[in-house]
There are 2 protein chains.
Amino acid sequence: MGKKLTINDIARLAGVSRQTISRVLNEKEEVSEATRKQVLRVIEEHGFQPSLQARSMVTRKTNTVALLLPDIKNPFFAEIVCGIERTLREKQMNVFLFTTDEDLEREVSFINLAQNYNVDGMILCSPRLDDANLRKLIPNISPVVLLNRDLEADGAASVMVGAQHGGYTATKHLIEQGHTRIGIIVGPPLARSSVKRLEGYKKALEEHGLSIDPELIVTVETPNEGIHRLTQHLIKNKVTGITTYNDISAAYVIQACTEMNMNVPGDISVIGFDGVILSQVMNPSLTTMALPLFEMGETIANTLIKMIKGTEPYERLTNIYPLLKKGNSTRVK
Amino acid sequence: MGKKLTINDIARLAGVSRQTISRVLNEKEEVSEATRKQVLRVIEEHGFQPSLQARSMVTRKTNTVALLLPDIKNPFFAEIVCGIERTLREKQMNVFLFTTDEDLEREVSFINLAQNYNVDGMILCSPRLDDANLRKLIPNISPVVLLNRDLEADGAASVMVGAQHGGYTATKHLIEQGHTRIGIIVGPPLARSSVKRLEGYKKALEEHGLSIDPELIVTVETPNEGIHRLTQHLIKNKVTGITTYNDISAAYVIQACTEMNMNVPGDISVIGFDGVILSQVMNPSLTTMALPLFEMGETIANTLIKMIKGTEPYERLTNIYPLLKKGNSTRVK
DNA sequence: TTGTATGCGTTATCAG
DNA sequence: CTGATAACGCATACAA
């Protein structure tokens, strides 16, 4: 708790004005080599570190980005965060973390909070805010990068997962394996991409001349809840393939199948989404629509950095497409 | 980008001094109901939010805690972070996130950085800093809570996982299932708890009159690398039970067993550590030494809060013991 | 109950 | 090349 030295203390100790200290701190050229060395010596000797707080009061820059996401336990977000953090770090920027648990109230209050901290920019993952309110907020919080939300507005950019493409590809894979009765587990309504995935699913069925049976389309209301029941429903309706909204849900589906004495992939093929590490270590390993999560984080961070610097143009909209990664949870019927 | 209003602007708009604004902002009682209402109206009307930065310059409080951890992708940390975040949030405190990737240099630079931000406290997870240097740093960064590191120093508290107890219990479980040749995969050297787990392993063997075979003790050098090879080594040495340092490594072990046509738990019993969600969704589900990770996060945060407030005493050392959670990856030999 | 003066630790501006 | 002065936005102490 040694009371911190300030720039004034150093100035006194070095026998120069505090302005000179500030100059060497900021590597301004207008200072003689002799005094520079002397000042650096004193700084070193006392281990002086300038207060970033005070500095940002006057520079109006905090070198800090607020990161808002629903749940850090979800590996989908954890891996993205990893990419974001790593990339920002390289640019000497720091991360303020807020997790919202998909709670609208917390979301709003965190956005306010971040704003009051004068962060340089924000990254918003699946905000529950409706379009109108979000749009209203953007002028105050820009620049901002949105994950999985396409809102065209000044000071906002979007990075989107190609959910429709993913739903299409997954379904097509099952069809090509000979499956004709294919169930889809649609994610919680808050996942905006759910609708898109479903569109892709329908498109694939139609393209292959298969009819769309509403009984085979089931929706999870609360994250990872009721999946066993929904799986039972699908099995009763004679599906031989199931496509799910993420890898964890796929794991639960496989558990449910096993409980009902249905073998995966023997009796039922299951396909996941995201491609998190779980998909590799599961048994059977999971066929999944793999997303380059770390790279997504990099893209998000790089876009935001460009917006903050304002020197180079940035992509207003980036689409990231998942790739089919074949595991042992699907096979020819 | 609407330029932000300051307390001065509001004062002018409300026709009072900025001091009065400050008073209603901080809910001081010494202000007449009439002016209070009037001021609040103006604040509301213009959506004024005070700058937390400026405020903390004078109060010397940032309401911010720095959280340093190796890897947010590791569900062990992710779940702990969740508990930390949630608990701090309730006390209106925020989290500054730094991930170090177990890199000593980044660790040191982040600790410095956090210090320059004037955070109110720090949470350090598995710092690579050696004891001497860490101890030297603590006066500058205290209060600080250490995860899995017991360093007795003023301004520092520790939350420890009962690794020896865990290693002991896991091994004992296998012995009680009739296993006599039990392998242990020791975690990367950076995991300080590895040594303790090994001690518990040895203790259990000795207590049951089993000899310690060095061939059955193998060490992972880099996280999750070479586990297949190490598992093969153990199998060649006729083990029927393997205890591992976390759930992910256990999953890899099971994969390796499967590749060698050894059934789990038929031929080999495998036991994990941590009890993250993976252990539940795996097939077979994993027997593991489950840790109350979320609660650990709560404990860490609550300890730090007590230290920051300085009004109530806090535990300098908290031990958290894992509980055996029986899954389907172990069975009677 | 309200207002005035002062300072938190830094950078920016302008003189010298 | 260097130093004095003002400013960033707020809270604290003291005065009215």
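Lettering follows sequence order; numbering is per chain, from 1.
The line from CZ of A/Arg89 to CZ of B/Arg106 is 6.5 Å long, rounded to the nearest 0.5 Å. Atoms CD and OG1, on B/Glu102 and B/Thr222 in that order, are 11.5 Å from each other to the nearest 0.5 Å.
Between B/Thr20 and C/dG3, a side-chain N or O to OP1/OP2 separation shorter than 4.0 Å is present. Listed pair A/Ser32 / D/dT2 meets the phosphate criterion, a side-chain N or O lying under 4.0 Å from OP1 or OP2.
At a threshold of 4.0 Å, the pair B/Asp150-B/Arg316 counts as salt-bridged, since one of the basic side-chain nitrogens sits closer than that to a carboxylate oxygen.
Using cut-offs of 30° and 60° for the angle between ring planes, the B/Phe96 and B/Tyr117 rings count as tilted.
There is a side-chain donor-acceptor pair under 3.5 Å between B/Ser56 and A/Gln53. Side-chain contact annotation: B/Thr62 with B/Asn118, donor-acceptor N/O pair under 3.5 Å absent. Side-chain N/O atoms of A/Lys91 and A/Asn302 include no donor and acceptor closer than 3.5 Å.
Both B/Thr59 and B/Arg23 lie near DNA chain D, and the one whose nearest nucleotide falls closer to the 5' end is B/Thr59.
Atoms CD1 (B/Ile10) and C1' (D/dA11) sit 17 Å apart, rounded to a whole Å.
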- Task: Output, in order, the C-alpha distance, side-chain angles, deciding distance and verdict of side chain to side chain contact (heavy atoms under 4.5 Å, CB included) for A/Thr303 and A/Lys306.
- Result: CA-CA 5 Å; A/Thr303 303; A/Lys306 282 181 193 162; 5.8 Å; no
Output one line per pair: protein atom, nucleotide atom from nucleotides 6-10 of chain D, and distance, for all N/O pairs under 3.5 Å.
unit_1: D/dA6; atom_1: N6; unit_2: A/Arg18; atom_2: NH2; d: 3.0
unit_1: D/dC8; atom_1: O3'; unit_2: A/Arg60; atom_2: NH1; d: 3.4
unit_1: D/dG9; atom_1: OP1; unit_2: A/Arg60; atom_2: NH2; d: 2.9
unit_1: D/dG9; atom_1: N2; unit_2: B/Ala54; atom_2: O; d: 3.4
unit_1: D/dC10; atom_1: OP1; unit_2: B/Ser51; atom_2: N; d: 2.9
unit_1: D/dC10; atom_1: OP2; unit_2: B/Ile7; atom_2: N; d: 2.3
unit_1: D/dC10; atom_1: N4; unit_2: B/Arg18; atom_2: NH2; d: 3.3

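The stretch residues 33-42 of chain B touches DNA chain C through B/Thr35, each having a heavy atom under 4.0 angstrom from the strand.
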